[in-house]
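The basis for the numbers below is simple: all heavy atoms, side chains too, and nothing from hydrogens, waters or symmetry mates.
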Amino acid sequence: MPKSSGIYIHFPFCKVKCGYCDFYSIVDKEDSVPAFIDSLIAEIELYFNKFDTSEYTFDTLFLGGGTPSLIPTKDIDRIFNKLSNYIDFSDLEEITMEANPGEAPIERLKEYNKSGVNRISFGFQSLDDDLLKFLDRLHLSTDCFRAFEDARTAGFNNINTDMIFNIPGQSLKTLNSDLNSVIELEPEHISCYSLTVESGTMLDYNVRNKIVTMPNEELDREMYQEVTNTLNKSLYNQYEVSNYAKDDLQCMHNLHYWNLNPYLAFGPSAHGYNGEKRWWNHKSLDRYIADINNGSLPVNSCETLTSRNHYNEIIMNGLRTSRGVDMKSLLSINN
């Protein structure tokens, strides 16, 4: 039976590096975009020519970053055209693109929609301009509303808004106001995360050097309760710890991750999984391009999961979701 699977593509380019972000991203490298696109297309060809994917049915494609919406439509079309040589695009039920308010002009949104992108994920993070400044975001709250309206005008009827709580200086009142403003927009999906201090980030440096003090755990807990209560009352069903959706509009691609389905990955730092093994690409654009120029897949390393790994991951991922732990899968490993 074909395995329901996804494809993730990582675009590393950003206009600014946010201090809390530990995803691989680079700034002031726009001149590298053409070489990156050529390498990405070559990586796709290398992978599909080397591995048999006939057992997979690809139903999701996720363009993440970084800021994919900085990439010209002609390059997105080149990528889609290359992929269409190896997968059936008619099977793709969900094609998501991440975008930042103020960095996704309406004409480009229209072009993306025409090219086949049918879901937009906006990184709002907050609707408080002071908090946005703290997070190193370039946009203002007004840009969020404009971007959302532009996406609707461009034809998108499946929009996610990313929000963050547990931000230093954020109050429960501010959080509640932001949530209600987002709810009034009526997005199909809302992701809301607690700000985490990731090792190696500027936020980590500032916290360790007592330049920034994170909210205490009690306030973090109260904010999480505020998020869940407010969104549930507005009929956004919490189907995963940090994700809420209207009926039948969960993010299909992220469900692949939590359900431990296979997913391919392309681009620097991208992680893939085939059900038995995980691999990840170089977290360096230069090394990524160099490997591909040498005719090699840009894999930095990989790991083969043991039965114990599978057992633990079924429990860990199951506990993240409202679906719970898949006991049938768990017991099949235990036996």
Side-chain angles (χ1 to χ4, degrees), residues 1-13 23-26 32-66 68 71 74-97 115-117 252-307 309-310 313:
M1 182 176 179
K3 298 177 181 178
S4 177
S5 310
I7 297 175
Y8 174 79
I9 301 178
H10 188 79
F11 297 82
F13 304 97
F23 292 111
Y24 177 60
S25 61
I26 50 179
S32 299
V33 170
F36 163 73
I37 297 297
D38 288 343
S39 298
L40 182 61
I41 289 171
E43 182 192 10
I44 291 169
E45 186 170 1
L46 281 168
Y47 183 88
F48 281 101
N49 286 338
K50 184 174 182 178
F51 295 102
D52 179 14
T53 59
S54 59
E55 63 179 317
Y56 301 146
T57 296
F58 297 102
D59 55 15
T60 68
L61 172 59
F62 197 103
L63 312 178
I71 304 299
K74 63 180 178 61
D75 291 326
I76 299 298
D77 286 340
R78 286 184 63 200
I79 295 165
F80 286 3
N81 287 337
K82 175 56 68 173
L83 278 171
S84 68
N85 292 332
Y86 306 104
I87 71 170
D88 188 344
F89 257 64
S90 66
D91 288 335
L92 292 176
E93 299 179 43
E94 179 187 276
I95 303 179
T96 300
M97 174 178 282
S115 294
V117 178
M252 292 176 59
H253 186 81
N254 284 344
L255 283 170
H256 281 318
Y257 298 150
W258 301 318
N259 292 336
L260 298 173
N261 297 328
Y263 49 90
L264 305 186
F266 302 102
S269 82
H271 287 55
Y273 174 63
N274 64 7
E276 299 296 330
K277 180 184 293 186
R278 281 202 176 86
W279 68 93
W280 49 96
N281 286 348
H282 298 304
K283 197 173 183 178
S284 161
L285 181 60
D286 291 339
R287 290 190 66 188
Y288 171 81
I289 292 175
D291 270 13
I292 292 172
N293 285 341
N294 289 327
S296 301
L297 286 170
V299 175
N300 178 268
S301 191
C302 64
E303 63 176 352
T304 299
L305 275 66
T306 64
S307 295
N309 292 147
H310 283 293
E313 289 194 1

Would you compute the distance between atom [atom1] of [X] and atom [atom2] of [Y] and round it to the nearest 0.5 angstrom?
X	Y	atom1	atom2	answer
Glu93	Ser4	CD	OG	8.0 Å
Ser5	Leu61	OG	CG	13.0 Å
Ile76	Met97	CD1	CE	4.0 Å
His282	Ser301	NE2	OG	10.0 Å
Ile95	Met252	CD1	CE	11.0 Å
Lys283	Ile26	NZ	CD1	12.5 Å

Please report the shortest heavy-atom distance between [X] and [Y], naming the atom on each side.
X	Y	result
Leu285	Pro268	CD1-CG, 4.3 Å
Ile289	Ser39	CG1-OG, 3.5 Å
Leu46	Ile292	CD1-CG2, 4.4 Å
Ser269	Tyr24	OG-CB, 3.4 Å
Ala265	Ala270	CB-CB, 3.6 Å
Leu40	Ile9	CD2-CG2, 3.6 Å

Please confirm whether the backbone N or O of [Y] pairs with a side-chain atom of [X], one donor and one acceptor, at under 3.5 Å?
X	Y	answer
Asn259	Leu255	yes
Tyr273	Gly275	yes
Glu94	Thr60	no
Asn293	Ala290	no

[X] and [Y]: side chain donor to acceptor below 3.5 Å:
X	Y	value
Asp59	His256	yes
Asp77	Ser115	yes
Ser284	Asp286	no

Between Phe36 and Phe11 (judged by ring centroids, cut-off 6.0 Å), do the two rings come close enough to count as a pair? yes
Can you check whether Tyr263 and Tyr257 have ring centres sitting under 6.0 Å from each other? yes
Indicate yes or no: does Glu45 engage Lys50 in a salt bridge with an N to O separation below 4.0 Å. no
In terms of side-chain geometry, is the basic nitrogen of Lys277 or Glu303 positioned less than 4.0 Å from the acidic oxygen of its partner? no
Considering only heavy atoms from C-beta outward, does the side chain of [X] approach that of [Y] to under 4.5 Å?
X	Y	result
Leu83	Ile44	yes
Asp52	Glu55	no
Asn274	Leu264	no
Arg278	Thr304	no
Thr53	Tyr86	no
Asn300	Trp279	no
Ile41	Arg78	yes
Ile37	Ile71	yes

Tell me whether the rings of His10 and Tyr8 are parallel (<30°), tilted (30 to 60°) or perpendicular (>60°). tilted
Does Ser296 form a side chain to side chain donor-acceptor pair (under 3.5 Å) with Asn294? I'd like the steps, not just the answer. CA-CA 6 Å; Ser296 301; Asn294 289 327; over 6 Å; no
What do the steps show when you test Tyr288 against Asn281 for side-chain contact (heavy atoms from CB on, under 4.5 Å), and what is the final call? CA-CA 7 Å; Tyr288 171 81; Asn281 286 348; 4.1 Å; yes
Check the pair Thr57, Lys3 against side-chain contact (heavy atoms from CB on, under 4.5 Å), reporting the backbone distance first and the verdict last. CA-CA 6 Å; Thr57 296; Lys3 298 177 181 178; over 6 Å; no
Show your reasoning for whether side-chain contact (heavy atoms from CB on, under 4.5 Å) applies to Ile87 and Leu92. CA-CA 9 Å; Ile87 71 170; Leu92 292 176; 4.0 Å; yes
Using the side chain to side chain donor-acceptor pair (under 3.5 Å) rule, take Asn81 and Ser84 through it: C-alpha gap first, then chi angles, then the decisive distance, then the call. CA-CA 5 Å; Asn81 287 337; Ser84 68; 4.8 Å; no
Got a sec: does the CZ of Phe23 have more than 12 other heavy atoms crowding it under 6.0 Å? no
